[in-house]
Amino acid sequence: MIVRSPYDDIDVPDTGLPEFLFGDLGDAAERVAIIDGPSGAQTTFGELAAAVDRFAAGMGERGLGPGDVIALFAPNNPYYPVVFHGALAAGLAVSTVNALYTPDELAYQLRDSGSKVLVTVSAFLDRARAALDEEGLAVSEIIVIDGAPSVSGVITETSLSEVLATTAERPSVSLSGDDVAALPYSSGTTGRAKGVVLTHRNLLANLLQIEKMGTHVSPDTKILAVLPFFHIYGMTVMMNQGLHARAAVVTMPKFDLAEFLRIISEHRVDRVYIAPPIAVALAKHPMVDQYDIDCVDIVFSGAAALDAELGAAVGRRLNCTMLQGYGMTELSPVSHCMPDDRPDMDLGSIGVALPSVECKLVDPDTGAEGVERGELWVRGPNVMREYLNNAEATASTLDADGFLHTGDVATVTDEGVFYIVDRVKELIKYKGYQVPPAELEALLLTNDGIADAAVIGVKDAEGEEIPKAFVVLQQGAELSGDDVMSFVAERIAPHKKVRVVEFIDQIPKSASGKILRKDLRAREQAPA
Ligand code: 4UV
């Protein structure tokens with residue numbers, strides 16, 4: 001009943017990730033590790049490792065170490081890996097925060113993760129300061145990556161350059177693979193965002209799993225990191241894979257098509273990781289023809305379903321290999337992908353299981369295993385340890401045999417090629433970003449005019465998944481669909497906006513009060 005990877009298993013060394021990446025630079029010290037896309041400024045591996053060492057010393061100087069958490073709230077920039085790996089090297093865990101978050105959303109993650117320091121950029125300071133006005137937070141300092149030497153606020157604000165100028169000794173921390181490294185947030189299959197406890201072993205294993213598939217990332221590769229490092233796709237596949245392979249990672253703080261094309265062309269980027277909305281632009285936008293981007297060898301899409309036709313159109317237009325993979329924050333994140341040397345594999349598939357990954361397909365209703373079409377369960381060294389402080393969510397996602405229940409429905413061919421064909425979990429993906437319906441429903445219920453609400457994902461005219469709210473009004477309340485959408489938009493990060501509203505008399509619920517999303521989805525599909 002278990003479908004195994006077609007590759008041999010990997011061995012995962014029992015070491016910390018910073019030691020694994022920077023312990024022995026060999027002849028890479030002089031090579032370029034990070035290129036700041038907008039300015040072209042370069043950082044070598046030697047400079048990066050030295051800055052990682054200084055950040056770790058700075059954390060030790062503050063009395064922070066194993067068991068402590070810092071939050072990193074920043075767009076992609078060359079200092080992101082300095083803070084991330086510097087904190088890890090000092091034994092801390094890093095909770096990476098979505099750069100689009102509002103102060104409330106940020107405060108929630110700071111509180112839930114117990115973060116003691118918040119690292120951010122000056123452009124995000126207003127939101128950072130507003131979040132820290134909230135009660136019950138353990139944050140005692142803000143470190144501003146591009147801050148002036150000494151900034152004063154209600155809470156201590158320090159510039160990163162001050163932290164890195166420390167002459168303190170780097171704390172001697174001996175890390176094992178079981179220590180916690182990253183705490184990104186994900187809603188998983190149900191509920192609000194939860195801290196995903198990823199160990200050094202999890203993150204390291206996923207790098208080795210990707211490498212063993214014959215992924216041709218080498219010191220000559222230039223990877224474009226336009227997708228955010230705070231999300232696990234950017235963190236592992238762009239930042240850490242680039243560092244591990246001694247490739248150059250070109251950072252972009254946010255997506256803008258002209259800037260994206262300029263940076264690819266100017267830096268001769270050969271490997272571009274995207275989510276499906278960027279594929280739409282690459283296949284169709286006239287601007288693409290105005291740039292010399294024939295340097296691109298591989299475009300790799302993940303984070304939401306890629307339409308095979310669309311993917312093929314990108315491959316033809318850019319004269320490059322187009323590949324697709326599948327991942328989930330809880331899987332560190334990659335469990336399946338199309339190998340570099342198999343561009344003949346169906347682009348509508350997610351490829352094969354990575355080395356050391358075992359899969360089951362399980363009927364979500366009956367629990368029958370080995371069905372042709374069923375919920376994808378995954379086991380392997382990349383599977384998260386647990387959800388932070390949430391035994392109940394952990395128990396309903398990770399079973400006693402170590403299989404993680406993904407909430408995605410898949411099929412598999414005799415050759416071990418997997419397809420994602422449906423989703424049985426609540427989660428909505430808007431442009432590859434997570435939108436947890438439970439969070440939107442809770443927010444809608446705070447409106448006095450709303451008696452009940454449910455949110456599901458529906459397809460818009462372009463086939464893009466968008467959040468739709470079904471709303472039951474209080475008696476006598478007079479809210480329009482636009483009122484409801486504005487109410488949400490003012491209180492939440494832009495990717496989580498409700499984009500369609502329908503008023504109904506009653507939300508379908510089970511006897512135990514659970515929203516029957518299946519019924520709402522069926523209602524959507526029924527002819528009008
Ligand atoms: O937790 P998350 O936001 O995580 C991701 C990670 C995606 C990655 C990362 C590295 C890769 O190399 C790669 O190929 C993909 O998105 O959301 C997890 C959910 O996103 C959906 C699915 O519902 C997951 O449970 N999803 C991710 N990739 C695909 C997908 C895909 N290729 N096709 C369909 N759904």
Side-chain angles (χ1 to χ4, degrees), residues 96 98 182-190 193-196 198 203 206-207 209-211 213 215 217 223 225 227-242 271-279 298-308 310-311 322-340 345-354 357 359 375-378 382-384 387 397 404-411 417-437 457 463-465 495-496:
T96 54
N98 189 316
L183 283 172
Y185 272 60
S186 162
S187 80
T189 54
T190 58
K194 298 173 275 289
V196 178
L198 298 177
L203 295 180
N206 210 223
L207 295 177
Q209 289 170 303
I210 296 168
E211 183 182 35
M213 281 191 94
T215 306
V217 178
I223 293 177
L227 301 184
F229 292 150
F230 68 74
H231 185 254
I232 194 72
Y233 187 7
M235 187 194 298
T236 291
V237 178
M238 278 144 261
M239 180 170 77
N240 291 340
Q241 180 188 207
R271 203 170 177 105
V272 183
Y273 291 95
I274 62 165
I278 300 183
I298 287 183
V299 175
F300 183 105
S301 175
L306 175 74
D307 179 78
L310 176 70
M322 181 79 214
L323 303 171
Q324 177 167 203
Y326 164 89
M328 186 172 170
T329 309
E330 290 79 349
L331 298 173
S332 302
V334 199
S335 63
H336 294 75
C337 77
M338 293 171 53
D340 279 16
M345 218 175 247
D346 183 354
L347 201 42
S349 79
I350 55 164
V352 294
L354 264 58
V357 164
C359 304
E375 183 183 6
L376 174 64
W377 292 9
V378 173
N382 53 316
V383 172
M384 70 164 182
Y387 287 117
T397 308
L404 183 119
H405 303 189
T406 65
D408 294 303
V409 180
T411 61
V417 177
F418 285 76
Y419 289 78
I420 300 294
V421 292
D422 197 2
R423 212 187 273 153
V424 283
K425 58 183 165 187
E426 286 176 5
L427 179 71
I428 299 168
K429 277 282 172 115
Y430 177 71
K431 300 199 168 179
Y433 283 111
Q434 289 202 4
V435 183
E464 179 73 60
E465 189 175 18
H495 64 282
K496 293 188 202 158

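Note: hydrogens, waters and symmetry copies are ignored here, and every other heavy atom, side chains too, is used. Just so you know, ligand 1 is whichever comes first in the structure, and atom 1 is the first atom listed for that ligand. Residue indices begin at 1 and follow the sequence shown. Since this is a predicted model, take the numbers as computed values, not measurements.
Shortest contact from atom 10 (C) of ligand 1 to any protein heavy atom: Tyr233 CD1, 3.1 Å. Counting protein heavy atoms only, atom 1 (O) of ligand 1 is closest to Thr329 OG1, 2.6 Å. The protein atom (non-hydrogen) at minimum distance from atom 21 (C) of ligand 1 is Ala303 O, 3.8 Å. From the protein, the heavy atom lying nearest to atom 24 (C) of ligand 1 is Asp408 OD2, 3.2 Å. Among protein heavy atoms, the minimum distance from atom 15 (C) of ligand 1 is reached at Gly327 N, 3.3 Å.
Any N or O atom pair closer than 3.5 Å counts here, and Phe300 shares no such pair with ligand 1.
Within the structure, ligand 1 lacks Gly407 among the residues with a heavy atom less than 4.0 angstrom away.
Counting the atoms of ligand 1 from 1 in the order shown, those under 4.0 Å from a heavy atom of Gln434 are 1 (O), 2 (P), 3 (O), 17 (O). Which parts of ligand 1 touch His231 is read off a 4.0 Å heavy-atom cut-off, strictly below it: atoms 2 (P), 3 (O), 4 (O), 5 (C), 6 (C), 16 (O). For ligand 1, the atoms lying closer than 4.0 Å to a non-hydrogen atom of Arg423 are 23 (O). Remark: ligand 1 atoms within the under-4.0 Å shell around heavy atoms of Val334 are 10 (C), 11 (C), 12 (O). Of all atoms in ligand 1, numbered sequentially from 1 with element shown, those under 4.0 Å from a heavy atom of Ile350 are 32 (N). If you number the atoms of ligand 1 from 1 as listed, the ones under 4.0 Å from a heavy atom of Pro333 come out as 9 (C), 10 (C). The ligand atoms of ligand 1 that sit less than 4.0 angstrom from a heavy atom of Gln324 are 31 (C), 32 (N), 33 (N). Which parts of ligand 1 touch Val237 is read off a 4.0 Å heavy-atom cut-off, strictly below it: atoms 10 (C), 12 (O).
For residues 228-239, the set of pairs meeting the salt bridge (Lys or Arg N to Asp or Glu O under 4.0 Å) definition, not counting sequence neighbours, is empty.
Glu426 places no side-chain N or O within 3.5 Å of a backbone atom of Thr190 that could act as its donor or acceptor partner. Listed for the Gln241 side chain is no donor-acceptor partner under 3.5 Å among the backbone atoms of Ile210. Between the side chain of Gln434 and the backbone N or O of Leu427 there is no donor-acceptor pair closer than 3.5 Å. Between the side chain of Glu464 and the backbone N or O of Tyr430 there is no donor-acceptor pair closer than 3.5 Å. Asn382 contributes no side-chain N or O that, together with a main-chain N or O of Ser335, makes up a donor-acceptor pair within less than 3.5 Å. A side-chain donor-acceptor contact under 3.5 Å links Glu375 to the backbone of Gly407.
Distances from atom 32 (N) of ligand 1 to the heavy atoms of Gly302, Gly325, Ala305 put Gly325 nearest. Closest heavy-atom approach to atom 16 (O) of ligand 1 among the candidates Lys429, Met328, Met235, His336: Lys429.
Between atom CZ of residue Phe300 and atom CE of residue Met238 there is a gap of 9.0 Å, rounded to the nearest 0.5 Å.
Classified by interplanar angle (parallel below 30°, tilted 30° to 60°, perpendicular above 60°), the ring pair Trp377/His405 is parallel.
Looking only at atom types and distance, the side chain of Asp408 has a donor-acceptor partner in the side chain of Tyr326 under 3.5 Å away.
Proximity of Cys337 to ligand 1, defined as any heavy-atom pair under 4.0 Å, is not found for any part of the residue.
Side-chain contact between Asp307 and Pro276: absent, with no pair of heavy atoms (C-beta onward) separated by less than 4.5 Å.
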